[in-house]
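As structure tokens, the structure follows; a few thoughts come after it.
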Amino acid sequence: MQIQTVVTQPFLDQKPGTSGLRKKVRVFQQAHYLANFVQSIFDSLDIPPNATLTVGGDGRYFNKEAIQTIIQMAAANGFAKVLVGQHGILSTPAASHIIRTYHTFGGIILSASHNPAGPDDDFGIKYNTDNGGPAPEKITDAIFALSKHISQYKIAALPAIDLSVIGTTQLEGFTVEVIDAVRDYADLMQSMFDFPAIQRWLADGHRMQFDAMHAVTGPYAKEIFVNRLGAPAASLMNCEVSENFGGGHPDPNLTYAEDLVKIAYGEHAPDFAAASDGDGDRNMILGNHFFVTPSDSLALIAAHAKLIPAYAQGLAGVARSMPTSGAVDRVAKALGIECYETPTGWKFFGNLMDAGRVTLCGEESFGTGSSHVREKDGLWAVLCWLNVLAASQQSVESLVRAHWQTYGRNVYSRHDYEGVPTALANAVIAHVKAQFATLPSQVFGAYTVAQVDDFSYTDPVDGSVSANQGIRILFACGSRIVIRLSGTGTEGATIRIYLEAFTEDLAQQQRDAQDALADLILVSHHITQLPQLTGRQQPTVIT
Ligand code: VG1
Ligand code: CO
């Protein structure tokens, strides 16, 4: 095999964020940009002989070209084999499952998740380790450090691989195997859930609607919901994968999954509606005229886990990211199991799952998952709900209301201010930090500040410390305001304000979240001075 060593210059902006390196496609298309980052990944690893690399992406624009480059570089850097999803497509949870089932050394996942796709939009790349999970910070830090000093990369002169055909290609001691991206994942789901009960629930006349938002879960949804569970084909929408996600923004929330929301709140609303994101790791859950916040969804799945065959024996523990509401904490307490609070991003759950400390994990950002893989998993969350609906014979709304009655309600909302100039966003953070000493014990109407800090996490398994993970303003009554900057955007900064108030009062529980949180929202504006400092009066997205 002919291996070429290419001389290159470092790019200084290849710092992985919350979930890998995300940049505009045009940035990735610059000569050597992708190759530099891939070489930095490989240089951060100790690649043993006969190692296999899993490669796949969410199917967005530039996915196919990037995969050919990665295959050629894997060959040149000592990998013996690459496993790649057909057409180069693997959902993020399916990629995690492939790494684990085939015991590959690691994987490269090409995704910018829900960020829009196309020549003028976003692309992303991240490395997952042999447990199937996103590389921990010590690896992403090493990749960044290497990327700042890279001077050459290695690439093999191989012909382009036909990714449309399932099968194996041998190339002078190096193997590329194109695999069916859907089958293994669908088999895993079938082994975990009570498919016969869900089939009966559907056959009894219950209706579901699933929106793949023109992104990666379409083929998986057809196989699972239609072929294996017997749902009518009309239950699925936007299930054809397109390179620009139909020109949309495949973020499953009330703003961007508008078509589905109209159906769920329409005249002939189905019993259950759900959507997933660009790379298939997020989910949104809706009932008939009812929205389930992701934090409540996690708590409810935890509370009803025993109805699901895979969790019939109970849960080892649960974990949530710091900004996620404390709803699941209350369930964990009732179940007598541990609940861990980690920084934002799935990479922090891996150690806890590997150590057998937690079974379920979740984030407020429409991400829920379990130790069946090491990524959050959108379709898995949808199946959890279908399984619980079928086994309990209750509606989505009645399940959630009963949950609030039992555990109290953590009224919750996140306000995002997108595309804020970086300097202004930094000014907001600096303004709050400047008040760390003076805020405690200040009174804002019904809210008395108890504690303010910048969240720092010490991993209980390996002792690693991750500091500066978001500002927490904790009030004496248990309410919270959390402020952090997004680590996944590609333009300017996104300020996220997370608001949470706990209530056991049944009347309060029925209120719309924005109404119930109105005072806390004003307090957040007062403390952050966000409207004054950024000129923004309204959030871009409210979830
Ligand atoms: C966001 C979410 C975070 C999630 C991350 C990746 O990060 O807040 O909870 O893990 O996206 O999800 P940030 O740094 O922008 O707040 V995905 O589906 O974009 O891979
Ligand atoms: Co995603």
Side-chain angles (χ1 to χ4, degrees), residues 15-22 56-60 90-96 109-117 121-128 133-135 137 140 212-213 215-217 245 249-253 256-257 275-284 293-295 298 319-325 341-350 361-369 373-381 412 414-420 425 429 455 466 468-471 482-498 540-541 543:
K15 185 174 169 53
T18 312
S19 182
L21 183 69
R22 292 190 187 170
D58 59 18
R60 67 177 57 228
L90 286 175
S91 77
T92 294
S96 181
I109 300 180
L110 304 167
S111 168
S113 192
H114 53 279
N115 295 12
D121 285 303
D122 294 356
F123 192 73
I125 173 168
K126 68 173 180 176
Y127 182 71
N128 281 31
E137 274 192 337
T140 55
M213 302 189 83
V216 77
T217 51
F245 300 144
H249 193 144
D251 199 356
N253 60 40
Y256 292 120
S276 60
D277 73 335
D279 62 330
D281 57 358
R282 295 187 180 200
N283 71 91
M284 175 171 68
T293 67
S295 297
L298 171 66
R320 63 165 172 85
S321 67
M322 179 274 280
T324 304
S325 96
E341 184 178 37
T342 59
T344 293
W346 212 260
K347 56 180 174 266
F348 297 100
F349 294 133
C361 307
E363 296 191 278
E364 48 62 43
S365 53
F366 298 83
T368 331
V373 289
R374 292 292 181 276
E375 291 277 5
K376 53 191 189 270
D377 190 342
L379 289 172
W380 167 89
Y412 189 85
R414 183 176 104 183
H415 288 195
D416 292 333
Y417 295 81
E418 296 176 342
V420 176
I429 300 294
F455 182 63
S466 301
N468 306 319
Q469 298 294 325
I471 296 171
V482 171
I483 305 148
R484 59 180 284 281
L485 298 183
S486 157
T488 55
T490 59
E491 247 174 324
T494 294
I495 305 173
R496 304 202 195 285
I497 306 227
Y498 309 78
T540 327
V541 179
T543 48

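Sequential numbering from 1 along the given sequence is applied to the chain's residues. In each ligand, atom 1 is the first atom listed, and ligand 1 is the first ligand listed.
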Please check if the side chain of Arg282 supplies one atom and the backbone of Ser113 the other of a donor-acceptor pair under 3.5 Å.
no
min-distance N/O/S atom, Asp281 vs the Co ion (ligand 2), resolves to OD1
min-distance protein heavy atom vs atom 9 (O) of ligand 1 -> Ser365 OG, 2.6 Å
Between Pro250 and Phe245 the two heavy atoms that sit nearest each other are CG-CD1, 3.3 Å
Counting from 1 in the order shown, the ligand 1 atoms closer than 4.0 Å to a non-hydrogen atom of Gly487 are 13 (P), 14 (O), 15 (O)
Atom 14 (O) of ligand 1 sits nearest the protein heavy atom Thr18 OG1, 2.4 Å
query = From Asp279, does some N, O or S atom reach closer than 2.8 Å to the Co ion (ligand 2)?
reply = yes
The closest protein heavy-atom partner of atom 10 (O) of ligand 1 is Glu363 OE1, 2.7 Å
If we ignore hydrogens and angles and just use 3.5 Å, is the side chain of Arg22 paired with the main-chain N or O of Gly17 as donor and acceptor? no
Fill in: Under 3.5 Å side-chain donor-acceptor pair for Ser295 and Thr293
no
So for Thr488 against ligand 1, with non-hydrogen atoms under 4.0 Å, the contacting part is both
May I ask you to check whether Asn253 and Thr543 show a side-chain donor-acceptor distance below 3.5 Å? no
for atom 18 (O) of ligand 1, nearest protein heavy atom and its distance come out as Ser113 OG, 2.6 Å
Closest heavy-atom approach to atom 6 (C) of ligand 1 among Glu364, Lys376, Met322 is made by Lys376
The answer for which part of Asp277 has a heavy atom under 4.0 Å from ligand 1 is side chain
Could you tell me whether ligand 1 has any atom less than 4.0 Å away from a heavy atom of Gly345? yes
Nearest heavy atom to atom 20 (O) of ligand 1, choosing from Glu375, Arg22, Lys126, His114, belongs to Arg22
What orientation do Tyr498 and Tyr412 show, parallel under 30°, tilted 30 to 60°, or perpendicular over 60°? tilted
The atoms of ligand 1 lying under 4.0 Å from a heavy atom of Thr344, numbered in the order shown, are 3 (C), 8 (O), 9 (O)
Exactly one candidate in Arg320, Arg414, Arg496 meets salt bridge (Lys or Arg N to Asp or Glu O under 4.0 Å) with Glu364; the answer is Arg414
Logged contact type for Ser486 with ligand 1, heavy-atom cut-off 4.0 Å, is both
Taking the Co ion (ligand 2) as the apex, Asp277 OD2 and Ser113 OG span an angle, rounded to 10°, of 80°
Checklist entry - Could you walk me through whether Phe455 and Val482 pass the side chain to side chain contact (heavy atoms under 4.5 Å, CB included) check? => result CA-CA 10 Å; Phe455 182 63; Val482 171; over 6 Å; no
Closest to atom 11 (O) of ligand 1 (heavy atoms only, candidates Arg282, Arg414, Arg484) is Arg282
